[in-house]
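On a predicted model such as this, the values are computed, not experimentally measured, just so you know.
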Amino acid sequence: MFDSEFERSLFDLRRAKLAEIEKLGQAAYPNQFAASHTIPAVRQGWDQSSAEALEAGRVTVSVAGRIMAIRAQGKAGFATLQQGGQRLQIYVRLDAVGEQGFALYKLLDLGDHIGVSGYLFRTRTGELTVHVETLTFLAKAMLALPEKFHGLADVELRYRQRYVDLFTNLDSREVFVKRAKVLKAMRQFFDERGYLEVETPMMQQIAGGAAARPFVTHHNVLDQDLFLRIAPELYLKRLVVGGFDRVYEINRNFRNEGVSTQHNPEFTMLEFYQAYANYHDLMKLTEELIAFVAREVNGTTLTTFNDAEIDLGKWQRLTMREAIVEFWRTDHLGPKPQMIDFADHTSVLAMLDRTCAHVGSEERLFWSVSFCAIRDRLNQGGTHGKAVAEVFELLAERHLIQPTIIYEFPTAVSPLSKQKPDDPDWVERFEFYIGGFEVGNAFSELNDPVEQHKRFEQQLTEREHGDDEAHQMDEDYVRALAYGLPPTGGEGIGIDRLVMLLTGSKSIRDVILFPLMRKEQGQGKRDEGLESKA
RNA sequence: GAGCUCGUAGCUCAGUAGGUAGAGCAACGCCCUUUUAAGGCGUGGGUCCUGGGUUCGAAUCCCAGCGAGCUCACCA
């Protein structure tokens, strides 16, 4: 527990102070304090009241909070209490609180919790302040607080010791308050539209519904391995088969992948399904949802992310093929492709050959490596659909700062989506991008069990070719489809990424309370510390 | 997984032509009855991330490791 001798000796000092406090007739760890107001309530109620008004009609309050600053001045002194993310100054003077009360004040430390009662007034400098008449000790901080002006700045410590970050950096607190508002707004949006909130298994025998590597765990009594889910998708569609026409789930997904500013191994996903809707209906719904949430949370659809001003109420739509042409770098890649180039295996390969040869001569390492790698994978038995999707991600994703719906995806990378009636190489699917990354993914659900079985088998073939993220066969899901899934649209939205956009957070770790961190070395030594001390 | 950057007091940070470590906050003692990053006087506090190496001498230079951040890769 202790990081140093400094902390150990401070802890001892604080224990001695606690003993002194008990001698004053205060409990060291009382279990209750009856406050008349929260600090935010006091601020809201009297922030605008003048000194004269407060003097004329005396307002008595009792509030509790954590001491964030102490300014003692001999036989009087100030302290700043913090509660509910807001602060309120208190003024303690010997002749108002008495010998015992003032003795207690002098035994207080930064970080302690106290309760006070007294009346409101304004100081000479105009600050709203509680003139304390009684002081109640509530709990002691046995460890030193971070530096009061900068707060806890070390990023690693902020993540590992979020409990300190939250009360020292109020900006951090605000992010998580907003996160809660996002979830609340989403539930409101779907509840108002007749969706049922459901919970489906986090531990699954087949990790399906997405292309990702799962975490494996084990059930002892059943003696079987289970996967932490990578998506709830297949279960939610089973529910639509079961007659829940509109369902949504907000819960964690787990993907055994690397971490980055946009990826945490466990992340929160909203998924929703609507019977009798197709992907066009979902595009409209998505635009409404994101704008609604933005207004509920921030009061505006405008947000700033990575220095870009983004309007979450203004959307553009492009097909994947249009986006590739739009963001094609003729300076590095040569002539733009034509729609006909995306037609089949031969034409896509020809386009990639042409481009790879062009960048090779340019000696543009990044483009050369990327394009030629996509070409090589296609040459070695990959699907042209996958190649097209890879080209899209390479060229377009980073440029999609303003809200953009990219629609019509290759069938090869969409094993659960319904094909376009007139063009079976492409499916009725879209993803939407904001701030340069993917936020959501939606499609008209494939509900033909025969076609679904065929798609799973194609995925198994990819698996055999070494793609360990290809979908597994899920016979029970196919069976569910065989009972009849109505035409259905479904969508998944990454909540963490949406919160990043709405709070201007550059890293996903700033919007997750306890992001996954590597195990800290020396942790064992710290645990030992408290034992040997106590 | 790769590259770059970082790791100094509890916290925020200084500190290299290589000479044995400093400030502010916090802590401790004293003064101060309207301060607010309060102020004044004084005191204590360090495995300079860890382990090797070079050197008469390393916080500083070199190597390896650990942890973190960023970028890339992976990741619909």
If you check every side-chain atom of [X], which of [options] has the closest atom?
{"X": "A/Glu127", "options": "B/U35, B/G69, B/A37", "value": "B/U35"}
{"X": "A/Arg213", "options": "B/A27, B/U34, B/C74", "value": "B/C74"}
{"X": "A/Met517", "options": "B/U35, B/C70, B/G69", "value": "B/G69"}
{"X": "A/Leu10", "options": "B/G69, B/U35, B/A27", "value": "B/A27"}
{"X": "A/Ser507", "options": "B/G69, B/C70, B/A68", "value": "B/C70"}

For this session: With the side chain counted from C-beta on, respond yes when A/His280 and A/Ser444 share a heavy-atom pair under 4.5 Å apart, and no when they do not.
Result: no
Exercise. Heavy atoms, side chains only, cut-off 4.5 Å: are A/Arg317 and A/Tyr407 in contact?
Worked result: yes
Once you apply a heavy-atom cut-off of 4.0 Å, does [X] come out as touching a base, just sugar-phosphate, or nothing?
{"X": "A/Glu438", "value": "sugar-phosphate"}
{"X": "A/Lys17", "value": "sugar-phosphate"}
{"X": "A/Phe121", "value": "base"}
{"X": "A/Gln262", "value": "nothing"}
{"X": "A/Arg158", "value": "nothing"}

Exercise. What residues form a side-chain hydrogen bond (donor to acceptor under 3.5 Å, both in side chains) with A/Lys420, not counting sequence neighbours?
Worked result: A/Glu408
Problem set entry | Expected output: side-chain A/Thr129 to main-chain A/Glu127 donor-acceptor under 3.5 Å | yes
Exercise. Ring centres of A/Tyr273 and A/Phe443 under 6.0 Å apart?
Worked result: no
Exercise. Taking only residues at least two apart or on different chains, which pairs with a member in residues 63-76 of chain A satisfy salt bridge (Lys or Arg N to Asp or Glu O under 4.0 Å)?
Worked result: none
Problem set entry | Test side chain to side chain contact (heavy atoms under 4.5 Å, CB included) applied to A/Asp496 and A/Asn264, A/Val511, A/Asp510, the passing residue | A/Val511
Problem set entry | Under 4.0 angstrom between A/Arg518 side-chain N/O and B/A68 OP1 or OP2 | yes
Problem set entry | Under-4.0 Å side-chain N/O to phosphate OP1/OP2 contact, A/Ser260 with B/C72 | no
Problem set entry | Residue met sooner reading RNA chain B from 5', once A/Tyr433 and A/Val155 are mapped to nucleotides | A/Val155
Exercise. Any N or O donor-acceptor pair linking the side chain of A/Arg71 to the base of B/U35 at under 3.5 Å?
Worked result: yes
For nucleotides 8-11 of chain B, which of its nitrogen or oxygen atoms have a protein nitrogen or oxygen under 3.5 Å away, and what is each distance?
{"residue": "B/G10", "atom": "OP1", "partner": "A/Ser4", "partner atom": "OG", "Å": "3.3"}
{"residue": "B/C11", "atom": "O2'", "partner": "A/Glu147", "partner atom": "N", "Å": "2.9"}

